[in-house]
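It should be emphasised that the depicted structure is a prediction, and the values quoted were computed from it without experimental measurement. Each chain gets a letter, A, B and so on, in the order its sequence line appears, and its residues count up from 1.
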Protein chains: 2
Amino acid sequence: MKLDERHLIQLAAVVQAGGVTEGAAMLGLTQPAVSRTLAMLEKRLGEPLFVKGRRPLQPTPLGRALADHGQAMLVAARKASSLVDGFRHGRTGVVRVGGTPFFMDALISGMIAEFQNAAPDVRIEQSYGYLPDLRAAIDADRIDLAICPIDVLDEGSGMRFQELLPGRNVVACRVTHPLLLKRKLAPAELLDYPWIAPPSGSPLFADLHSLVLSLGATEAKIRYSGGSLVSAINYLKASDALTILPHSVVFAYRNDKSITALPVNIPHPERALGLLRRTEEIRVPAVEAFCAHIRKSFEDLRHLIKRHEQAVIWSL
Amino acid sequence: MKLDERHLIQLAAVVQAGGVTEGAAMLGLTQPAVSRTLAMLEKRLGEPLFVKGRRPLQPTPLGRALADHGQAMLVAARKASSLVDGFRHGRTGVVRVGGTPFFMDALISGMIAEFQNAAPDVRIEQSYGYLPDLRAAIDADRIDLAICPIDVLDEGSGMRFQELLPGRNVVACRVTHPLLLKRKLAPAELLDYPWIAPPSGSPLFADLHSLVLSLGATEAKIRYSGGSLVSAINYLKASDALTILPHSVVFAYRNDKSITALPVNIPHPERALGLLRRTEEIRVPAVEAFCAHIRKSFEDLRHLIKRHEQAVIWSL
DNA sequence: TATTTAATATACCTGATTGCTATGAAGCTC
DNA sequence: GAGCTTCATAGCAATCAGGTATATTAAATA
């Protein structure tokens, strides 16, 4: 016996409300509509759903049992509705974000936490990678967006790039580093200290190479490599080693007061940190909201950096 | 956002089946119908439910989440359907049966067990009472049927009566009772022994009274009263007391070989055990099936009694 | 790469169903 | 029994769900 789901829901509402009129109102329908539905149901079933002639409308056992199933449908329908509403406002869903390890660890993870304070029902699936992998992942729809440094985006790739921060690297060291005591720092002195190599394959690795070249050398004294950001920072804290890091990453650790940037200018890369997405991406509100949050966060970060630097200048 | 339940179910079927065509088939619909439903859904939501251009049809996160809710509705709908089917064949439901204690305990309880061997999903709610209570209970729709002795049913009461067994009482005693040894049993001797009184209010109680009167006395030596059937039987087994019982009840205990009926004729009541129901009862299949089973069981019982008595005659 | 094949989308039509308003019938309350 | 509330019925308009036929698209194969 095939039953119309709508009918069962109306039945459930009536049983729950204890009357046709109220049940109809609960569903935003008129009483005659629901009344007819019940009459049709009874006719089709050949069985009554309510005992006749009792005013506090009393369901038969069958009526009650069917109403229970209708109730299940009703709650499913409600849940589906609220799911859609949540989804539309970006309050629900999944965002798959990929990015380069250092930025993700230093900056993005915290921004994700902030985002989820406002949108707790959006799940974030993070993954790591560098530009080629990330592009492939976006193409294959394994991630919704990537956050990574990028120099130039070839047109027609179906990708959209939005800059978040200009590229700017610094040489990082611990706050007790001897070079910080020098009144005047000769760039060549950098080569006197051991270096931590950024992950191979990362843009930073290439930047380190060109830095070394600009210093007139062919290679630095690489003593440690392969570690994640935390490993590098910890190593940095415990030694006089140097490494190259994005300025924003060092900035993010400013409250630690354990690492800082050397006051030495190094060539900044022709590259900016940015948001990479498909242009013809199906507009997933949660993803939109997340991207908006990330952009907002970086904008705030830019201002913060600017204010911070002015403060430093003032204090000099 | 209001969503049509039917649409969600179709979505669920498609997601589950992994294709529109198969999903449609699963629901007994054609492919275009379901295809259009999905298109409409996507249009209304403003969000895609499936990622385009992939043949092993792949739902978007939203599509999958909505399909889950649709799945819930689908199982509810299936359950409702099977509920109705079960109900129509009397395989599901509740039967509320009232009856006089002795018959219920001695005969009906066993028949209920047999019935449920065939219809395990029908719940039986048993209650006790005598005719006036039972009639009131039927009227108030507290029970679906009553099984009790009844003499005459006034017309126009909205009740229907179906005879199950003719009224026939016997004097019961334990198998080692001294009166059973007597070659010829004078009815007056019955009064020499102590008696167990049936529950006050029961027809049997009235029968005992008229039996005593027919023996020329005004009252028997009542030593025990108020007990249920089991109490009475146990008392009977442990003493030379007598009591009046329906023949069928004593018959039901024949395999116990602990109580029996005295070979003495006593007036049988103008009353028959029967099934009492409302005439305009809404036809609940489970109730119908149960009544049919009860009538069948009593018919079998009648034959059994007849065969049993013939065997007894042969053996004499 | 061209061709075939399977699956999905679209177009169009019909009948059923839903929703409404208006109104009659039936219970409950006092 | 009067008045009030609630349920049932009738009639009507609009929508929608379902069907068949067909175009389009994506996958599979040569």
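Inspection of the A:T37 and A:Q10 side chains reveals an N or O donor paired with an N or O acceptor under 3.5 Å.
Taking only side-chain atoms of A:H7, from C-beta outward, the nucleotide of C:dT18, C:dA9, D:dG19 with the closest atom is C:dT18. Checked against D:dA17, C:dA9, C:dT18, the side chain of B:D4 finds its nearest nucleotide in D:dA17. In the set C:dT18, C:dT10, D:dG19, the nucleotide with an atom closest to the side chain of B:P32 is C:dT10.
In this entry the distance linking NZ of A:K43 with C1' of D:dT9 reads 12 Å, nearest Å. The CG-P distance, from B:L38 to C:dA7, rounds to 16 Å in whole Å. Atom pair B:L49:CG and C:dT8:P shows a separation of 15 Å (rounding to whole Å applied). Look at CD1 on B:I9: it is 16 Å from C1' on D:dG18, rounded to the nearest Å. Between the CG atom of A:L27 and the P atom of C:dT18 there is a distance of 13 Å, given to the nearest Å. Here the C1' atom of nucleotide C:dT17 and the NZ atom of A:K2 are 13 Å apart, to the nearest Å. Between B:M40 atom CE and D:dG18 atom P the separation is 11 Å, expressed in whole Å. One can place CZ of B:R6 at 10 Å from C1' of D:dG18, the figure rounded to the nearest angstrom.
Between B:R44 and B:E47 there is no salt bridge, since no side-chain nitrogen of the basic residue lies less than 4.0 Å from a carboxylate oxygen of the acidic one. Look at B:D85 and B:R91 and you find no salt bridge, because none of the NZ, NE, NH1 or NH2 atoms lies under 4.0 Å from a carboxylate O.
For B:T21, no side-chain nitrogen or oxygen approaches OP1 or OP2 of C:dA6 to under 4.0 Å. Remark: B:Q10 is not in phosphate contact with D:dC16, judged by side-chain N or O atoms under 4.0 Å from OP1 or OP2. Regarding contacts with the backbone of C:dT8, every side-chain N or O of B:S35 stays at 4.0 angstrom or more from both OP1 and OP2. In terms of phosphate contacts, A:T30 brings a side-chain nitrogen or oxygen within less than 4.0 Å of OP1 or OP2 of C:dC20.
Between the SG atom of A:C148 and the CZ atom of A:F161 there is a distance of 7.0 Å, given to the nearest 0.5 Å.
Closest-nucleotide positions on DNA chain D for B:A33 and B:R44 were compared, and the one nearer the 5' end corresponds to B:R44.
Among the heavy atoms of the strands lying under 4.0 Å from A:R36 is at least one base atom, whether or not backbone atoms are also near.
Not a single donor-acceptor pair, N or O on each side, falls under 3.5 Å between the base of C:dA7 and the side chain of B:Q31.
Here the shortest heavy-atom pairing between B:E270 and B:D151 reads O-CB, 3.2 Å.
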